Amino acid sequence: MPAKDMDRVVSLCKRRGFIFQSSEVYGGIGSTWDYGPLGVELKNNVKRAWWRAVVYDRDDMEGLDAAILMNRLVWKYSGHEATFSDPLVDCKSCKKRFRADHVIGQRCPECEDGELTEPRNFNLMFETYVGPVRDDSSLAYLRPETAQGIFVNFVNVQQTMRRKLPFGIAQIGKAFRNEITPGNFTFRTREFEQMEIEYFCKPPKYLQPGEKSDIELHEEWVEERFNWYVNLGIDPSRLRKRVQRPEELAHYAKATVDIEYLFPGSLGWSELEGIANRQDYDLSAHSKDVSEEDLERLKLVRNLHSTQRLDYFDEAYVDPVTGKRGARYIPYVIEPSAGADRATLAFLCEAYDEELVGELKPEEIADLQAARTAAIKSIDKKLSDKKLEPGLAEQLTAIKQRLQDTDSILDVESVCNLAGSERVEALKKLRQLAARLCDEYSRVVLRLHPALAPIKVAVFPLKKNEPRIVELARSVSALLRPVCRTVYDDTAAIGKLYRRQDEIGTPMCVTIDFQSLEDSTVTVRDRDTMKQQRVSTSELVDYVLRRLE
RNA sequence: GCGGGCGUAACUCAACGGUAGAGUGUCAGCUUCCCAAGCUGAAAGUUGCGGGUUCGAAUCCCGUCGCCCGCUCCA
């Protein structure tokens, strides 16, 4: 079972060195997060798995790492300067928010004589200045998406790599958006990392018999990307494809399918990746000499600055009417655009698990029941009380329902953390009790796919006051270190050492005991089943590598 | 940005105007032949930050920053 609420994942991330709030010693800065020692391993593994799947495992892809700072004209012609700025107004009485260009006059459209605030301009792009002079001519933006770096390099990559359509370009990199409302941990942040593909293909009218259309290639990419998450451990029941309705589509998109993950808690179904069919919009936008009818069809302004036409010479093309060979045209593009931080967060949430180990004592069960009854009573009292804020009644009712339906300490504790619980004193008491019992009777285990796990193997001596065992354990650790990420630990009793590694998702623990001294075998303990297997040290490297596949 | 909640040790929380505490975790030592065992000891907080009220503030008030829940957003 994956995490039941995000708070527990956030807490684990901080406690175990995955993710820290940025600039914490100065009180933080809104919506930025730092990846700690284990977080950077996890996120690197996610990015590496993506790069492997979309670049190395295919024969039709190239990689790219474009600059974050780009010529301002890129953002003028991509449309971001115009469309990435939304002037907004708020109603002072009903507190609703509207886009200024959707409101007629000075009054709120929803309530009588609601006064509106002055329009505030939210340009979602971060601005900076390049060079010593701070004026308009040196204005630049931190890129709000990595995609444009690929588009403006289309011809460079196609020609230097001698590629024929269809082929794609993959890029991983930071992007920046001054989001109005960041939040939900690393899900929506102002600085984030994208994993984007632009897959260039022939427009429908230039297809030869047997070639796949943009529509088919779009569908293939949706399948491929969906399966990537599943192969790395996301349960398909928490992953879905959502086809955007025609009215949702951006004007440049012919079709978009979102891949959504069911995050824990209030975040719920949320987008990990969007796969769009952008047709020839982007390459046309950055090209000179685009025809009038194409400009009109794509609702583009004429590009007066670009020095190039980002097109493609298709020598295989045969005109069905004239029989003439060869054609020059601007390709279509399919864009699978994923969030590296979002994927990482999804894998963390999916992998997070708590399970009971051991039985509660009768008096502990009795205490728990008493506290639960008191909490339910308390909720009833609160609910029958005067008017509550909007939403609170629903939240409390949901908490009460879930409290009645369960008697597992794991559930009780997570229910006590739900939104609204802080308003009922008895729930706080119940949570304290449940938390104490959970500490004693449960283990937290991150069931990460081995390819994603930050540490692959941990090596322990069974007894740390036995020098021969310690020495052998250190040498086994040294044996594995060049092969995969390995740590050695002897600072606690064996049970605690196992639990520590469970919590950070280490798939295997190797333990050296007395028998090891005699026959050079060690035990390998599995994270998920806690089962052990004896393996000869001479076969250990092969065994570990096989298990990591 | 608006409304609601919150901010105390690394984590989870207690202390409700009178000397800041507990559990877990961490570290050191002893012990222990396999799942957060035990014993001894230790480090750790200018109570987010700044101001005010008061003889006295973690506690009351104001501001600010940050987090969470709703309106927004779409990687």
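To find a chain, count down the sequence lines: A is the first, B the second, and so on, and within it residues start at 1. Atom set for the values below is all heavy atoms of this structure, side chains included, hydrogens, waters and symmetry mates excluded. This one's a predicted model, so the numbers in the text were calculated from it and none came from an experiment.
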- Task: Under the salt bridge (charged side-chain N to carboxylate O under 4.0 Å, His left out) rule, what do A:K531 and A:D526 come out as? Steps first, then yes or no, please.
- Result: CA-CA 6 Å; A:K531 295 256 166 57; A:D526 178 72; over 6 Å; no

Specify the separation, in whole Å, of atom [atom1] of [X] and atom [atom2] of [N].
X      : N     : atom1 : atom2 : value
A:R177 : B:C73 : CZ    : C1'   : 10 Å
A:D7   : B:U12 : CG    : C1'   : 12 Å
A:D490 : B:U31 : CG    : P     : 15 Å
A:K464 : B:G29 : NZ    : C1'   : 8 Å
A:I275 : B:A75 : CD1   : P     : 12 Å
A:K463 : B:C30 : NZ    : P     : 12 Å
A:R242 : B:C74 : CZ    : P     : 12 Å
A:Q515 : B:C34 : CD    : C1'   : 12 Å

Which part of the nucleic acid, if any, lies within reach of [X] when heavy atoms closer than 4.0 Å are counted: base, sugar-phosphate only, or nothing?
X      : value
A:L272 : sugar-phosphate
A:E503 : base
A:F460 : nothing
A:Y261 : nothing
A:Q194 : sugar-phosphate

Counterpart base for [N], defined by Watson-Crick or G-U wobble contacts under 3.5 Å:
N     : answer
B:A58 : none
B:A14 : none
B:U64 : B:G48
B:A36 : none
B:C27 : B:G41
B:A9  : none
B:G70 : B:C2

Can you figure out which of [options] approaches the side chain of [X] most closely?
X      : options             : value
A:Y498 : B:C74, B:C35, B:C67 : B:C35
A:L462 : B:C34, B:C67, B:U32 : B:C34
A:R188 : B:A75, B:C34, B:C33 : B:A75
A:K14  : B:A10, B:C35, B:U12 : B:A10
A:S337 : B:A75, B:G66, B:C34 : B:A75
A:D513 : B:C34, B:C11, B:C74 : B:C34

Shorter than 3.5 Å, N or O on both sides, protein versus nucleotides 25-27 of chain B: list them out with atom names.
| unit_1 | atom_1 | unit_2 | atom_2 | d |
| --- | --- | --- | --- | --- |
| B:U26 | OP1 | A:R500 | NE | 2.8 |
| B:U26 | OP1 | A:R500 | NH2 | 2.4 |

- Message: Set out, in order, the CA-CA distance, both residues' side-chain angles and the distance that settles side chain to side chain donor-acceptor pair (under 3.5 Å) for A:Y229 and A:E350, then state yes or no.
- Response: CA-CA 11 Å; A:Y229 293 98; A:E350 181 72 15; over 6 Å; no

- Query: How far apart are the C-alpha atoms of A:D341 and A:Y35, what are their side-chain angles, what is the distance that settles it, and do they pass the side chain to side chain donor-acceptor pair (under 3.5 Å) test?
  - Reply: CA-CA 10 Å; A:D341 307 275; A:Y35 286 81; 2.7 Å; yes

- Measure from the ring center of A:F187 to the ring center of A:F263 and say whether it is less than 6.0 Å.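 Under 6.0 Å, so yes.
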
Any donor and acceptor pair, going by atom type alone, linking the side chain of [X] with main-chain N or O of [Y] inside 3.5 Å?
X      : Y      : value
A:R143 : A:A66  : yes
A:H218 : A:I334 : no
A:N45  : A:A453 : yes
A:R342 : A:E271 : yes
A:Q171 : A:T146 : yes
A:D258 : A:E260 : no
A:E196 : A:A147 : yes

- Item | Members of residues 519-536 of chain A that approach RNA chain B, where some heavy atom sits under 4.0 Å away |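 Those residues whose heavy atoms fall under 4.0 Å from RNA chain B, taken from residues 519-536 of chain A in numerical order, are A:T523, A:R525, A:M530, A:Q532.
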
[N] and [M]: how far apart are their [atom1] atoms, nearest whole angstrom?
N     : M     : atom1 : answer
B:C35 : B:C30 : P     : 23 Å
B:A58 : B:U47 : P     : 6 Å
B:G17 : B:C61 : P     : 12 Å
B:U40 : B:G5  : P     : 45 Å
B:A15 : B:C74 : C1'   : 45 Å
B:G63 : B:G25 : C1'   : 36 Å
B:G45 : B:A20 : C1'   : 8 Å
B:C27 : B:G70 : P     : 38 Å

- Task: Give, for atom CG of A:N44 and atom CG of A:L452, the distance between the pair rounded to the nearest 0.5 Å.
- Result: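 Answer rounded to 0.5 Å: 11.5 Å.
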
- Rounded to the nearest 0.5 Å, what separation is found between the CD1 atom of A:I19 and the CG atom of A:L12?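 Reported to 0.5 Å precision, the distance equals 9.5 Å.
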
- Query: Hey, which of these two, A:G183 or A:G274, hits RNA chain B nearer its 5' end, going by closest nucleotide?
  - Reply: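 Taking each residue's closest nucleotide, the earlier one in sequence belongs to A:G183.
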
- Task: Specify the residue among A:S31 and A:F192 whose closest nucleotide of RNA chain B lies further upstream toward the 5′ end.
- Result: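 Nearest nucleotide further toward 5': that of A:S31.
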
- Message: Does this structure show an ion pair linking A:D353 with A:R527, if we count only N-O contacts that are shorter than 4.0 Å?
- Response: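 A salt bridge is absent here (no side-chain N lies under 4.0 Å from a carboxylate O).
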
- Below 4.0 angstrom, N of the basic side chain to O of the carboxylate: do A:R525 and A:D502 qualify?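 The answer is yes: the pair qualifies as a salt bridge.
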
Write down the protein N/O and nucleotide N/O pairs, taken from nucleotides 44-48 of chain B, whose separation is under 3.5 Å; answer none if there are no such pairs.
none

- Query: Under 4.0 Å: is that the gap between some side-chain N or O of A:N465 and OP1 or OP2 of B:G29?
  - Reply: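 Looking at the OP1 and OP2 atoms of B:G29, neither is under 4.0 Å from any side-chain N or O of A:N465.
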
- Item | Below 4.0 Å: OP1/OP2 of B:C68 and any side-chain N or O of A:S266 |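 It does not, given that no N or O in the side chain of A:S266 lies less than 4.0 Å from OP1 or OP2 of B:C68.
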
- Task: Take A:K241 and A:E223, measure what salt bridge (charged side-chain N to carboxylate O under 4.0 Å, His left out) needs, and give me the verdict at the end.
- Result: CA-CA 9 Å; A:K241 302 163 202 158; A:E223 287 308 307; 2.8 Å; yes

